[in-house]
Undergrad: 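Pasting a structure here, questions to come.
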There are 2 protein chains.
Amino acid sequence: MAKTILLVEDEAAIREMIESALAHAGFNPLPAADAAEAERVMKQTRPDLILLDWMLPGVSGIELARRLRRDISTRELPIIMLTARCEEPDRVSGLEAGVDDYVGKPFSVRELIARIQAVLRRTAPRSETGPMEIEGLILDPSSHRVTAEGTPIKVGPTEFRMLRFFMGNRERVFTRSQLLDNVWGDNVYVEERTVDVHIRRLRKALAPFGYDKLVQTVHGTGYRFSTQTDS
Amino acid sequence: MAKTILLVEDEAAIREMIESALAHAGFNPLPAADAAEAERVMKQTRPDLILLDWMLPGVSGIELARRLRRDISTRELPIIMLTARCEEPDRVSGLEAGVDDYVGKPFSVRELIARIQAVLRRTAPRSETGPMEIEGLILDPSSHRVTAEGTPIKVGPTEFRMLRFFMGNRERVFTRSQLLDNVWGDNVYVEERTVDVHIRRLRKALAPFGYDKLVQTVHGTGYRFSTQTDS
DNA sequence: TCTAATTGTTACAGAATTGTTGCACGGATT
DNA sequence: AATCCGTGCAACAATTCTGTAACAATTAGA
């Protein structure tokens, strides 16, 4: 889930500053000091985006960008260039290099993060999942709504994610640990009993329509979302 | 059916490059070197979109955009402006002039194509439907007015664009980021919380008629325009 | 039945998110 | 120049959500 971002910047101070900013924003930064190191790193890991300084010792940033565009495996890799404000490089060469965005130095950290997210958003193919329905209970991700017989049911964010996961994976038992991974996310630490509380909250929300019986307890193991009668 | 795109750009090198890029992407490019030539071309062919350079000899790009907005026949024509990063144009005044998006030079061909398609996608339904109406709330894009039960509602430019977007995309959640892209324009950088402020202003304007409940909050996600009761 | 383990339920403090307001700034108008 | 208007932002208030602990209820097994 966490996007990996290759950061190619020769000045150590700036590199470290951006690196910590990226980490803080939930990205996985891969620092590199020059083009050679960048290419070495890319042989091992395939980043989701490249932050590339315009001025680099040895192979310049724009030259590296051209190389990446030439290689079929990195042709679609988004590139954001870091340039000195109003340096205004040759327009046509910028066009040809196929850079996705420019950020002029000095820049605000938040602007940089915003531009990264914008580029990732534009680049990523959108995977819209349609509404799910089970015995009249409808969950629509696009409107972010849970409906029973036409009337909307109010559920909290976590309950929504949990119900969405359950509706996509019915008739299967999940341990609390698995639910934490799939509903909360992998690298978060919360007590397993917290799952029980949210199960309770989900049941409470579904109870007025009788759908609470779909959320079943498997004693000694975990929980299951099922239309079959609980035995 | 290939979309026709009028390209107004004075620098021949850039014009030709974009022209070939457009042709390659399946569009039908109509090149023009200045505003006068652009207006001449438009008398013969009606393009689906205009790519307009900010800096033009004679009549400037933004001035041409204003003229197009004044003319009823071209009022709904999507406009994308090409601006140099260092020119730092006032995007707000551009937005008020009715520009749909900005692309800062230098830009990648991919980005340009993506933005063109994005603008075409989101302006397509608008131009065909004309005035929109939801439960007595009427928004008329051509006269730029909002009315409730005959009485006009005063909304600011941003609130108007937001309401127009919402009325064209009901029953769907949008994150603050998506709203910024669609209401403000893609590469405008403003704080996400600013969306909340304009949501507030829109609600305040709609409140005297009870329409404020159509603008719903989806906690943890964003906002939604819906006629269904929020619960 | 009795006991230990497991699960259900509730309350609550702190965190996170959203609502609301005032204000400075820039552009347009007078 | 004076004023108004729209905009974006920050600061504060209000609301909602979350995780945890504590206690009650239930289950499984001896």
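Proteins come first, then strands; the chains are lettered A, B, ... in the order of their sequence lines, and each starts at number 1.
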Undergrad: Nearest whole Å is fine: how far is C:dT9 C1' from A:His198 NE2?
TA: 14 Å
Undergrad: How long is the line joining CZ of A:Phe160 and P of D:dT16, in whole Å?
TA: 19 Å
Undergrad: Rounding to an integer number of Å, can you tell me how far A:Glu191 CD sits from C:dT6 C1'?
TA: 15 Å
Undergrad: Nearest to the side chain of A:Asp196, heavy atoms from C-beta on, is which of D:dG8, D:dG19, C:dG8?
TA: C:dG8
Undergrad: Going by atom types only, do B:Glu171 and A:Ser143 share a side-chain donor-acceptor pair under 3.5 Å?
TA: no
Undergrad: Rounded to the Å, how far apart are A:Leu202 CG and D:dT18 P?
TA: 12 Å
Undergrad: Quick check on DNA chain D: between A:Arg201 and B:Val190, whose nearest nucleotide comes earlier from the 5' end?
TA: B:Val190
Undergrad: Using a heavy-atom cut-off of 4.0 Å across all strands, would you classify B:Val195 as base, sugar-phosphate, or nothing?
TA: nothing
Undergrad: For the side chain of B:Arg176 and the base of D:dG8, is some donor closer than 3.5 Å to an acceptor across the two?
TA: no
Undergrad: Measure the distance from CG on B:Asp212 to C1' on C:dG19 and round it to the nearest whole Å.
TA: 13 Å
Undergrad: Does A:Tyr223 make a side-chain N or O approach to OP1 or OP2 of C:dG8 shorter than 4.0 Å?
TA: yes
Undergrad: So among B:Trp184, B:Phe174, B:Tyr223, B:Phe160, which one has a ring-ring contact (aromatic ring centres under 6.0 Å, His included) with B:Phe165?
TA: B:Phe174
Undergrad: Which part of the nucleic acid, if any, lies within contact of B:Val218, taking any heavy atom under 4.0 Å across all strands shown: a base, the sugar-phosphate backbone alone, or nothing?
TA: sugar-phosphate
Undergrad: So which nucleotide from D:dG8, D:dT20, D:dT27 ends up closest to the side chain of A:His219?
TA: D:dT27
Undergrad: Report the distance from atom CD of B:Gln216 to atom P of D:dT16, rounded to the nearest whole Å.
TA: 14 Å
Undergrad: Could you pick out which residue, A:Arg193 or B:Glu159, lies toward the 5' side of DNA chain D when each is mapped onto its nearest nucleotide?
TA: B:Glu159
Undergrad: Can you tell which of D:dA10, D:dG6, D:dG19 lies closest to the side chain of A:Thr194?
TA: D:dG19
Undergrad: What is the separation between atom CZ on A:Arg203 and atom P on D:dT26, rounded to the nearest whole Å?
TA: 13 Å
Undergrad: With a 4.0 Å cutoff (strictly under), does any side-chain N or O of B:Thr217 reach OP1 or OP2 of C:dT18?
TA: no
Undergrad: Test B:Leu202 against every option in B:Leu163, B:Thr158, B:Leu214 by the side-chain contact (heavy atoms from CB on, under 4.5 Å) rule and name the one that passes.
TA: B:Leu163
Undergrad: Would you kindly give the CD1-to-C1' distance between A:Ile199 and C:dT6, to the nearest whole Å?
TA: 15 Å
Undergrad: Can you list the steps and then say if B:Asp230 with B:Arg224 is a salt bridge (charged side-chain N to carboxylate O under 4.0 Å, His left out)?
TA: CA-CA 10 Å; B:Asp230 196 7; B:Arg224 169 181 55 199; 3.5 Å; yes
Undergrad: Work out which heavy atom in B:Arg176 is nearest to a heavy atom in B:Glu192; give both atom names and the distance.
TA: CD-O, 3.7 Å
Undergrad: Looking at A:Trp184, does any N or O in its side chain come under 4.0 Å of the phosphate oxygens OP1/OP2 on D:dG19?
TA: yes
